[in-house]
Participant: 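If you scroll down you'll find the structure; I have some questions about it.
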There are 2 protein chains.
Amino acid sequence: MEINGDRKPETARQYHVSIDCAIFHFDTDGLKVLLVNNEKENWGLPSHWISEGETIESTSNQILKKYIRVEVFYIKQLEAFNSSSQYSPSDNITIGYYVLVKKDNLYLENHLQSLEVQWWKIDEALHLNYKHRTILDYSLKELRRCICQSAIGFNLLPEKFTLLQAMQLYEEILGIEINKSNFRRKFFKMGLVSGLDEKQEDVSHRAAKFYKFNLENYKKLEQGRFNLRF
Amino acid sequence: MEINGDRKPETARQYHVSIDCAIFHFDTDGLKVLLVNNEKENWGLPSHWISEGETIESTSNQILKKYIRVEVFYIKQLEAFNSSSQYSPSDNITIGYYVLVKKDNLYLENHLQSLEVQWWKIDEALHLNYKHRTILDYSLKELRRCICQSAIGFNLLPEKFTLLQAMQLYEEILGIEINKSNFRRKFFKMGLVSGLDEKQEDVSHRAAKFYKFNLENYKKLEQGRFNLRF
DNA sequence: CCAAAAGTGTTTTACATACACCCATGG
DNA sequence: CCATGGGTGTATGTAAAACACTTTTGG
């Protein structure tokens, strides 16, 4: 057994490695995850094996380029674990990622129709295999944990959003009800958002103001100690 | 390129995988990390290649069994990344872990003397190579983040501890000063600790009461929304 | 009696929570 | 004129922060 050495022992084992991504976006229907229909008529998370000449990062980028293409996303590694399947009995490692995408990229909608790919509501994305179910569950757990400790939630909102959209995002992800007036106060006081000179159009009620995420203020918010606590 | 398939393409690349652990404990001198002196006279994190017949988990367990041996620890995976070195130019993946160990395992002290192994104060554990430096920094970042959102801090304290010990742990890891009276009130009100019928002995000042972590109360503390916010 | 740490109590301030209410707009 | 969501204001309770103070013990 080799300790802390760079030299590999003869017994070192070799693995094939796959990258599996849980890609989320948020629209009026709520939180959704991107699933791919494979040749066996099963829906699963987008997944690639790492090929010769590629790395972990380049492979995850390939997946994103293929399905999302846009540059505006948030990506975070979840966990590496041993995996096996019918075709590749055991010598595998899977690295899971979760990815957040803004919904205002129309490209997505048009592009995806051509592929065997679809956005699924979270609670309808069942019948995944065990591996993908595990990654999806872990993603959601992380999303719930991180959304209050950082500003990653804004990666799921359009560039311009209303406060109701933001509030509903937090409500759905955290599974709680939030008081409208308190939500506003908190966001304003923290300086998380700044108002734009633009309003909704063609809505059958009072038009809401659009806001954008205020990155400059967020950076000042003594990073690391940031907490929204709903 | 294979999408979401179990079948591996011919081009799938193979990797050797190493497990590197940042193992921490906390004593009167503060937070310390376990370093191993390898054959090239460099200090680094304990590390093993995954061998034939082994898995990610079994290999990390081997490392812990070798250096820590005790069962009482907390272990969490950090990240998998491509790595290379002088001896193994590129086809590697490293999976980092961080581990918290209670300091009241005397075994450690006696055992480690026989190995080329030593506890280093965090701020003195320099001259690590880039890979290990990265893992150590990431570990500390995670530790700082998680110590307020969960009770993992107690994994660094002895079974029986005084409130000053607990407070100093939080102070060192967070790099802040905490008010003694407010710290007590918070821990008591949350029911995080319960007092024992035991006191310090042989101290040259008023003996402090010993406390233990109250797991039952912690479980009731609506998990996931737990926050200490110092 | 001094030092050093244990341990208690009080006051001020901030903020989360809850709730009531008015405003604008399309149907 | 009403339903729907936008947006404002206020009262209340809880908890964080700051601090002043007493207690215990060994030297």
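Order of the sequence lines sets the chain letters (A, B, ...), proteins ahead of strands, with each chain counted from 1.
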Participant: Would you say that more than 12 heavy atoms from the other residues, nucleotides or ligands in this model lie under 6.0 Å from the CD of A:Glu177, or not?
Facilitator: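 Open: at most 12 neighbouring heavy atoms sit under 6.0 Å from CD of A:Glu177.
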Participant: How do A:His205 and A:Asn179 order along DNA chain D: which one's closest nucleotide is nearer the 5' end?
Facilitator: A:His205
Participant: Can you spot which of B:Leu35, B:Leu34, B:Asp29 makes a side chain to side chain contact (heavy atoms under 4.5 Å, CB included) with B:Lys32?
Facilitator: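 Testing each of B:Leu35, B:Leu34, B:Asp29 against B:Lys32, the sole residue satisfying side chain to side chain contact (heavy atoms under 4.5 Å, CB included) is B:Asp29.
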Participant: For C:dG7, does the base pair up with any side-chain atom of B:Lys180 as donor and acceptor (N or O, under 3.5 Å, distance only)?
Facilitator: yes
Participant: In whole Å, what is the span from the CD1 atom of B:Ile178 to the P atom of D:dA15?
Facilitator: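 Those two atoms, CD1 and P, are 19 Å apart.
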Participant: If you count the non-hydrogen atoms of other residues, nucleotides and ligands that lie under 6.0 Å from NZ in A:Lys160, is the total more than 12?
Facilitator: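 At most 12 heavy atoms, drawn from other residues, nucleotides or ligands, come within 6.0 Å of this atom.
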Participant: Phosphate oxygens OP1/OP2 of C:dG7: is one of them under 4.0 Å from a side-chain N or O of B:Arg184?
Facilitator: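 True: B:Arg184 side-chain N/O within range (under 4.0 Å) of C:dG7 OP1/OP2.
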Participant: Quick one: B:Gln165 CD to C:dA5 P, roughly how many Å, whole number?
Facilitator: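 My rounded result for the distance is 13 Å.
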Participant: From NZ of B:Lys199 over to P of D:dT25, roughly how many Å is that when rounded to an integer?
Facilitator: 6 Å
Participant: Describe the nucleic acid contact of B:Leu164 in one word from base, sugar-phosphate, nothing, applying a heavy-atom distance below 4.0 Å.
Facilitator: sugar-phosphate
Participant: Of the listed nucleotides (C:dG7, D:dG6, D:dA15), which one gets closest to any side-chain atom of B:Tyr211?
Facilitator: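 Among the listed nucleotides, the one closest to the side chain of B:Tyr211 is C:dG7.
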Participant: Within the modelled atom types, does a donor on one side and an acceptor on the other bring the side chain of A:Ser181 and the base of D:dG7 under 3.5 Å apart?
Facilitator: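 Flag unset: no donor-acceptor pair detected.
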Participant: If you draw the axis of the six-membered ring of B:Tyr138, does the NZ or CZ of B:Lys141 fall within 45° of it and under 6.0 Å from the ring centre?
Facilitator: yes
Participant: Using the closest heavy atom to pick a nucleotide of DNA chain D for each, name whichever of A:Ser204 or A:Arg185 lands nearer the 5' end.
Facilitator: A:Ser204
Participant: Should the side chain of A:Asn182 and the base of C:dA16 be counted as holding a donor-acceptor pair, with the cut-off at 3.5 Å?
Facilitator: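 Not at all, since no donor on one side and acceptor on the other fall under 3.5 Å apart.
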Participant: Can you check the A:Phe210 CZ to D:dG6 C1' distance for me, whole Å?
Facilitator: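 Atom CZ in A:Phe210 sits about 13 Å away from atom C1' in D:dG6.
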Participant: Round to the nearest Å and state the distance from B:Phe187 atom CZ to C:dA6 atom P.
Facilitator: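 B:Phe187 atom CZ is separated from C:dA6 atom P by 14 Å.
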Participant: Rounded to whole angstrom units, what separation is found between the CE atom of B:Met190 and the P atom of D:dA15?
Facilitator: 10 Å
Participant: Rounded to whole Å, how long is the line connecting atom CD of B:Gln200 with atom C1' of C:dA4?
Facilitator: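 To the nearest whole Å, that distance equals 12 Å.
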Participant: Given atom NZ of A:Lys189 and atom C1' of C:dT13, what is their separation to the nearest angstrom?
Facilitator: 11 Å
Participant: Is there a donor-acceptor pair under 3.5 Å between the side chain of B:Gln168 and the backbone N or O of B:Gln165?
Facilitator: no
